[in-house]
Every structure is written in C-alpha cells, then in structure tokens.
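For reference, the structure discussed in these notes is given below.
Quantities reported herein were computed from a predicted structural model and do not represent experimental measurements. For the numbers below, each heavy atom of this structure counts, side chains included, while hydrogens, waters and symmetry mates do not.
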Amino acid sequence: MKILVCISHVPDTTSKINFSEGDTKFDTNGVQFVINPNDEFGLTRAMWFKEKQGAQVTVVNVGGAETEPTLRKALAIGADAAIRVNTVASDGFSVAKQLAHVVKDGAYDLVIAGRESIDYNGGMVPGMIAGLTNANFVNNCIGLEIDGTAAKAIREIDGGKETVSTTLPLVIGGQKGLVEESDLRIPNMRGIMMARQKPLTVVDPTEASAETTSIKFEKPAPKGAVKLVSADNLDELVNLLHNEAKVI
C-alpha cells in the first residue's frame, strides 16, 4: 500500500503573529514553524500502517525551500520519502490541484491530509483532492482501518460518531483522535540522522491558478479591562450587564 501524507508548514501556536504591507501579508519574521497538528495525527497513523502492514509512506508539501525543515522532521519521524512542490501555497484550490497531480503521478492508494491547517483554517484541500482524483473521501476522520482494498473509517459528526465502509483509493481529512495524542512521535537522534539520507524530491508545479485572494488580515480586538463589582452592590452589577455588556 502506498500512502501519501500531506504536510502543512504552519506557525507554532505560541508564536506572536503580525501582518505587513498594510495587513495584507503574513509576517514570518521571528515565527517558528511546525507540522500542522492535524497532519501530525495523520502521519502517526501512516507510521502504524507502515510498521504493521508494510506500507510505503511519502510526505508532500506545497511551498518554497523554507518548508524543507518541516519535511525533514516528517522524515525523521519515519516517512520513507518526501516531495516538495516548488510553488507558493496561494489558496486551497491551487494547493489541492498541485497535490492531486502528485497523487495521480505516484498512484497512491491512500492520501492522508489534515481536515484543515491551523493557519488559514480553510478546510477545503482534502475534499478537493478527492474530487480531482476521483477517490473516495471521508472528512473529520478519527479512526481508520485498512484490510486489502477495503477501508473502515470513523468520522466525527454532530452529536456523535459515524462508522463508514469504503474502498481504496481513499482520501481522508484527519484530526485529533485518529491516534491518541500520547502516541504522537518525536524524532529521536537515529531518526534525525536517517532523515538526512532519505530522498527529498523537489518537483515543478503543474499549471494552477488561485481562485481566492486574501484582501486583508485583522487581529482580534484586545480584551477590555476587567471591572470588579462589590458583592454588596448588585444594582451596579445589573446595570453594567444590562447597559454596557448588553447581555441581559
């Protein structure tokens, strides 16, 4: 079984986020980048298939040379090879088209992507890959078993879980729950050394145009100062809740 794991290169959630050029561009200065958390759950599940079923695991990213350390980390975790599509990840459709081209070219049986990335939170790419490659698709996936060409997936739905049966080729949008958080892997020294010897192939992009454009970014407004009201002054509390907070 050939597995392709899509890896997004995203800012660490502890990084301070700023924008430049009139709040139209994300400022990467001083920002630490990591593997997208949803993708990390998918990569760990792919490692299980590799170890238990002998699957071959390749990771892929759409982006410039600055994303290669993130791909090398995925290789250190245990992926067999990496592919970087050498173009800017401009929007969901263009990224999905680049990834779909890689999927078709490599004839992958299973594509594991995060349900969304934590930077732009578009949530579009996995479904678009499935549509462009004519593969089955399960989103919000929190469980996956493969037996030959048959697959059983568990996905999160409103108010519960749904178990579905499908067949390969399959694209999933994975998330927390696909593996236990305690099972996520940290590269060890042996893995880091081996990652240096594994192939990281840079491929030219296929023709694709961005269908959406980010006009402007805006940070949430800072929280106002806290007002303390004496426990004996209920009238003032009611007045503030009614006239200022407007919640009653």
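A distance of 9.5 Å separates CE of Met194 from CG of Asn188, quoted to the nearest 0.5 Å. In this structure, CD1 in Ile7 is found 12.0 Å from CD1 in Ile83, a value given to the nearest 0.5 Å. Note that CZ of Arg115 and CD1 of Ile172 are 12.5 Å apart. Values are rounded to the nearest 0.5 Å. Separation of atoms CD (Gln56) and CG (Leu4) is listed at 10.5 Å; rounding is to 0.5 Å. In this structure, the separation between NZ on Lys25 and OG1 on Thr28 is 12.0 Å, given to the nearest 0.5 Å. The structure places OG1 of Thr24 at 11.0 Å from CD1 of Ile215, a figure rounded to the nearest 0.5 Å.
For the 3.5 Å distance criterion, the side chains of Asp12 and Ser15 fail to qualify, holding no donor opposite an acceptor. Checked by atom type, the side-chain pair Glu211/Ser209 shows a donor-acceptor distance below 3.5 Å. When only modelled atom types and interatomic distance are considered, Asn36 and Ser117 share no side-chain donor-acceptor pair under 3.5 Å. Between the side chains of Asn61 and Thr67, at least one donor N or O lies within less than 3.5 Å of an accepting N or O.
Other residues sharing the hydrophobic cluster of Ile154, ordered by chain and number and joined by side-chain separations under 4.5 Å: Ile142.
Shown here are the salt bridge (Lys or Arg N to Asp or Glu O under 4.0 Å) partners of Glu218, two or more places apart in sequence or in another chain: there are none. A search for ring-ring contact (aromatic ring centres under 6.0 Å, His included) contacts involving Phe19 returns Phe217, not counting sequence neighbours. Checked against ring-ring contact (aromatic ring centres under 6.0 Å, His included), Phe33 has the following partners two or more places apart in sequence or in another chain: His9. Scanning for salt bridge (Lys or Arg N to Asp or Glu O under 4.0 Å) contacts around Lys176 gives Glu181, with sequence neighbours left out. Residues passing the salt bridge (Lys or Arg N to Asp or Glu O under 4.0 Å) test with Glu51, sequence neighbours excluded: Arg185. Checked against side-chain hydrogen bond (donor to acceptor under 3.5 Å, both in side chains), Glu145 has the following partners two or more places apart in sequence or in another chain: Arg45. Partners of Asp80 according to the salt bridge (Lys or Arg N to Asp or Glu O under 4.0 Å) rule, which considers only residues two or more places apart in sequence or in another chain, are Lys50. Partners of Asn233 under the side-chain hydrogen bond (donor to acceptor under 3.5 Å, both in side chains) rule, at least two apart in sequence or in another chain, are Glu236.
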Under 3.5 Å, sequence neighbours excluded: what are the donor-acceptor pairs made by side chains of residues 123-140?
from   : atom 1 : to     : atom 2 : distance (Å)
Thr133 : OG1    : Ile129 : O      : 2.7
Asn136 : ND2    : Thr166 : OG1    : 3.1
Asn136 : ND2    : Thr167 : O      : 2.8
Asn136 : ND2    : Thr167 : OG1    : 3.4

Please set out all donor-acceptor pairs under 3.5 angstrom arising from side-chain atoms of residues 105-113, sequence neighbours excluded.
from   : atom 1 : to   : atom 2 : distance (Å)
Asp109 : OD2    : Lys2 : N      : 2.8

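Taken together through direct or relayed side-chain contacts under 4.5 Å among Ile, Leu, Val, Met, Phe, Trp and Tyr, Val5 and Trp48 form part of one hydrophobic cluster. The hydrophobic clustering, which links ILVMFWY residues whose side-chain heavy atoms are closer than 4.5 Å, places Val60 and Val62 together. Placement of Ile35 and Leu71 within a single hydrophobic cluster is found when ILVMFWY residues are connected by side-chain heavy-atom separations under 4.5 Å, directly or transitively. No path of Ile, Leu, Val, Met, Phe, Trp and Tyr side chains, each step under 4.5 Å between heavy atoms, connects Val103 with Leu144, placing them in separate hydrophobic clusters. Residues Leu43 and Ile118 fall into different hydrophobic clusters, defined by Ile, Leu, Val, Met, Phe, Trp and Tyr side chains chained together at heavy-atom separations under 4.5 Å.
Val34 places none of its side-chain heavy atoms less than 4.5 Å from the side chain of Thr70. Counting only heavy atoms from C-beta outward, the side chains of Asp91 and Thr213 never approach each other to under 4.5 Å. Within the 4.5 Å cutoff, the side chain of Lys227 has heavy atoms near those of the Leu240 side chain.
Between the side chain of Lys198 and the main chain of Ala81, no donor-acceptor pair closer than 3.5 Å is present. Under a 3.5 Å cut-off, the side chain of Arg72 and the backbone N or O of Ala195 do form a donor-acceptor pair. Side-chain atoms of Lys246 come within 3.5 Å of backbone N or O of Asn243 as a donor-acceptor pair. Side-chain N or O atoms of Asp147 include none that pairs as donor or acceptor with a backbone N or O of Ala150 at under 3.5 Å. Judged by distance alone, with hydrogens and angles left aside, the side-chain atoms of Ser230 form a donor-acceptor pair with the main-chain N or O of Asp232 at under 3.5 Å. Side chain of Lys219 to main chain of Ile17: a donor-acceptor pair is present (N/O by atom type, distance under 3.5 Å, no hydrogens or angles).
Here the closest heavy-atom approach between residue Gln175 and residue Asn38 is recorded as CA-OD1, 3.5 Å. Of all heavy-atom pairs between Leu168 and Gly148, the closest is CD1-O, 3.6 Å. Taking all atoms of both residues into account, the shortest heavy-atom contact from Val57 to Ala46 is CG2-O, 3.7 Å. Ala76 and Pro187 get closest at one heavy-atom pair: CB-CB, 3.6 Å. Across all non-hydrogen atoms, the minimal contact from Cys6 to Asp39 is O-CG, 3.2 Å. Here the closest heavy-atom approach between residue Phe41 and residue Leu178 is recorded as O-CD2, 4.1 Å.
In the displayed structure, Glu207 atom CD is contacted under 6.0 Å by at most 12 heavy atoms of other residues, nucleotides or ligands. No more than 12 heavy atoms of other residues, nucleotides or ligands shown are found within 6.0 angstrom of NZ on Lys16. When the shell of 6.0 Å around CD1 of Ile186 is examined, it contains 12 or fewer heavy atoms from other residues, nucleotides or ligands.
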Apply side-chain contact (heavy atoms from CB on, under 4.5 Å) to residues Met47 and Ile77 and explain how you reach the verdict.
CA-CA 8 Å; Met47 291 300 98; Ile77 288 172; 4.2 Å; yes
Show, in sequence, the C-alpha distance, side-chain angles and deciding distance for Val164 and Glu162, and conclude whether the side-chain contact (heavy atoms from CB on, under 4.5 Å) test is met.
CA-CA 6 Å; Val164 297; Glu162 180 183 43; 3.9 Å; yes
Test side-chain contact (heavy atoms from CB on, under 4.5 Å) on Val238 and Ile248; report intermediate values, then the result.
CA-CA 8 Å; Val238 171; Ile248 59 173; 4.1 Å; yes
Between Thr44 and Asp183, does a side chain to side chain donor-acceptor pair (under 3.5 Å) hold up when you go through it step by step?
CA-CA 8 Å; Thr44 302; Asp183 291 333; over 6 Å; no
The test is side-chain contact (heavy atoms from CB on, under 4.5 Å); show your working for Asn18 and Phe26 and say whether it passes.
CA-CA 6 Å; Asn18 290 301; Phe26 172 58; over 6 Å; no
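Identified under the salt bridge (Lys or Arg N to Asp or Glu O under 4.0 Å) test for residues 127-139, with sequence neighbours left out: none.
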